[in-house]
Amino acid sequence: MNATPASEASDTGSAAHGPLTVEQATVPRQHSGPYDTQPSPALTVAGGAVTRQDPLDDPDPRRAADAATIENLLRCWVREKNLPAPASTTLRIPLEASGTALLVPVLHWSATGWHRFGPPALEGLHATAPHVDAVTVAALISRETGRPEGTELVGRVADSARRTADFIAERRRRPNPGPEADLFLTAEQSLLLGHPLHPTSKSREGLSDAEARLYSPELHGSFPLHWMAIDLSVLASDSAWTEQGRAVTAVQLATGLAEGLELPAGSVPLPLHPWQARELAHRPAVASLLTSGLLHDLGPAGAAWHPTSSVRTVHRPGARTMLKLSLGVRITNSRRENLRKELHRGVEVHRLLRTGLVDEWQAAHPGFDIVRDPAWLAVDTPDGEPVPGLDVMIRHNPFTAGDDAVCIAALTAPRPWPGSTRMRSRLADIVVRLAARTGRPTTAVAAEWFLRYLDQVIRPVLWLDGMAGVALEAHQQNTLVLLDPDGWPVGGRYRDNQGYYFRESRRDDLEARLPGIGDFSDTFVSDQVTDERFAYYLGINNVLGLIGAFGAQHLADERVLLAGFRQFLTSATSLGSPLPHRLLEAATLRCKANLLTRLHGLDELVGPVDTQSVYVTITNPLRS
């Protein structure tokens with residue numbers, strides 16, 4: 001990666017496309033809400049005065065985790081009900097099914113949804129019962145929806161809060177990773193609180209406490225892979241991997257990782273997640289393969305691999321590959337097992353980019369690329385049917401130990417730092433250090449950092465949609481920003497073999513580039529659905545979520561950043577993507593509703609793309 005040397009990093013410099021300056025990001029006269037300038041506990045991150053203890057800083061990890069879980073639930077409810085800003089410092093949430101209401105102290109009201117809340121109380125009872133916990137909030141909200149899945153939600157909220165408490169406690173005891181970790185791995189293992197607008201962001205249904213210690217990135221987990229040997233007669237695979245112009249098969253890649261394992265004649269090695277290997281043995285199709293000798297269980301072997309922020313994708317510092325393993329644990333809304341069409345999709349995208357598309361793209365945006373998934377191995381039955389969960393996607397590892405590549409979700413996530421139980425994000429640390437070093441106001445540095453991010457990361461994604469008709473599901477966990485030694489954005493990467501939308505209107509163009517594209521990957525999507533999903537993942541989740549993090553952590557005024565985003569979108573309309581026009585002009589936007597998706601019991605990896613999640617209509621903060 002080509003990071004800008006510290007000596008060449010400008011404190012006020014412009015990027016290749018001439019990003020807006022802080023002064024150009026004109027602030028609108030009206031306020032977006034009554035709390036947009038109210039001090040919050042997060043002011044301490046930027047060096048301001050403390051008015052009260054931030055709930056996340058509670059010395060008791062259980063109370064801190066409960067506070068984080070409550071905030072997630074309430075943020076989801078406010079967004080999914082499209083509730084307006086309250087007229088006072090208390091938000092009243094009616095609970096008609098229970099005949100009461102929640103009274104919630106508002107610590108920070110966000111124009112983009114990253115609100116900060118204090119402990120809620122039940123109306124009429126707050127004098128005798130000071131506040132309610134996350135499980136109670138989940139039960140009350142579930143009752144309002146009338147969904148039968150409410151009981152399951154409550155259990156998963158409890159699981160998420162308990163695991164979050166474990167993560168906070170462990171990170172306070174041991175904030176620094178082991179000496180073997182590189183910058184990329186450190187970032188991947190730093191996402192303690194999870195998605196700020198998900199009700200069960202850290203629930204992991206099916207993992208015991210002992211397993212969680214091995215398999216959780218938040219606990220610095222690591223483990224050897226579990227190996228199976230596949231008879232060639234039931235092997236399914238594909239590869240577009242090349243090295244020095246020579247094709248490398250998926251079998252060769254897997255064999256190189258098997259580290260001297262003795263294989264039965266006529267078989268090839270398949271790495272699995274240890275939890276998955278244990279669970280698969282109970283499935284009839286796998287048991288039949290084992291009994292017939294078409295599959296051999298070789299057990300754990302080799303050096304330790306480290307789980308990344310997705311839990312199931314594993315990384316080993318210095319290795320040329322990462323592995324995206326199937327894992328039948330339900331994480332957020334889905335059981336994380338690779339679908340065969342997704343395996344095809346990863347290889348297909350790599351081939352598409354190599355048709356010359358990546359050369360055109362990087363001529364305009366040399367700092368951005370896609371982390372490639374160019375090879376996979378899987379198992380079929382003797383009748384040729386895929387065996388679910390018995391597979392691996394082999395991902396190219398472009399990161400060396402010194403590459404500072406961090407996903408936006410991890411960059412913005414609060415966590416304890418050495419020497420303190422208080423929580424702050426790496427984003428806050430970077431902005432505060434830059435402000436101290438340059439002598440500029442924190443808000444000015446934050447605004448410039450944001451504008452550079454738009455230019456280095458968001459503009460290339462819009463280019464790919466406009467020029468090629470490929471929209472990326474570029475939410476905060478799938479989007480990595482590359483930082484120079486001072487912490488300024490200098491490029492980006494996208495990762496996820498699942499998250500591509502080929503526009504139906506561009507089918508002929510893409511077919512001309514790569515004949516047969518989409519035949520096995522099922523990646524073509526109507527423009528209507530593509531527009532909705534692209535607006536959510538890139539516009540709402542990624543950019544508006546980043547603006548919300550700046551605001552909630554009192555690094556910048558959200559109104560300034562929204563104004564900067566509007567001007568960026570105006571300049572980006574020439575790229576050909578319909579997204580800038582949509583974000584600038586629509587009074588409302590369609591937004592994924594993680595709480596309702598969970599309450600409807602949907603698995604987001606199952607079924608047609610347009611019905612995998614619940615979407616709701618929210619007010620567009622770029623217009624309000």
Query raised in the report: Between the side chains of His226 and Asp297, is a donor N or O closer than 3.5 angstrom to an acceptor N or O?
Result: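 Result is yes, a qualifying pair exists.
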Decide yes or no for [X] and [Y]: does some side-chain heavy atom of the first lie under 4.5 Å from some side-chain heavy atom of the second?
| X | Y | answer |
| --- | --- | --- |
| Glu205 | Glu152 | yes |
| Pro274 | Leu225 | no |
| Leu464 | Trp361 | yes |
| Arg171 | His220 | yes |

Report task. Please name the residue in the list Arg345, Glu348, Lys341, His344 that meets the side-chain hydrogen bond (donor to acceptor under 3.5 Å, both in side chains) test with Ser521. Result ->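 Of the listed options, the one satisfying the test is Glu348.
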Query - For Gln477 against Leu191, the heavy-atom pair lying closest together - result: OE1-CD2, 3.5 Å
Query raised in the report: Minimum heavy-atom separation for Val387 to Asp380, with atom names?
Result: CG2-C, 3.8 Å
Quick one: [atom1] on [X] to [atom2] on [Y], what's the gap to the nearest 0.5 Å?
| X | Y | atom1 | atom2 | result |
| --- | --- | --- | --- | --- |
| Leu295 | Ser267 | CG | OG | 9.5 Å |
| Thr523 | Tyr501 | OG1 | OH | 10.5 Å |
| Leu323 | Leu272 | CG | CG | 10.5 Å |

Query raised in the report: Is the number of heavy atoms from other residues, nucleotides or ligands under 6.0 Å of Glu262 CD greater than 12?
Result: no
Query raised in the report: Under 6.0 Å from the CZ atom of Arg162, do we count more than 12 heavy atoms belonging to anything else shown?
Result: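 Enclosed: over 12 neighbouring heavy atoms sit under 6.0 Å from CZ of Arg162.
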Verify the ring-centre separation between [Y] and [X]: is it less than 6.0 angstrom?
| X | Y | result |
| --- | --- | --- |
| Tyr215 | His273 | yes |
| Phe223 | His306 | no |
| Phe524 | Tyr500 | no |

Query raised in the report: In a check of salt bridge (charged side-chain N to carboxylate O under 4.0 Å, His left out) between Asp509 and each of Arg507, Arg506, Arg513, which one passes?
Result: Arg506
Query raised in the report: Looking at Tyr615, is Arg533 sitting on its ring face, NZ or CZ under 6.0 Å from the six-membered ring centre and within 45 degrees of the normal?
Result: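 Positive - Arg533 is close enough to the ring of Tyr615 and near enough to its axis.
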Requested in this report: Check the angle between the aromatic planes of Trp241 and His396 and answer parallel, tilted or perpendicular using the 30° and 60° thresholds.
Outcome: perpendicular
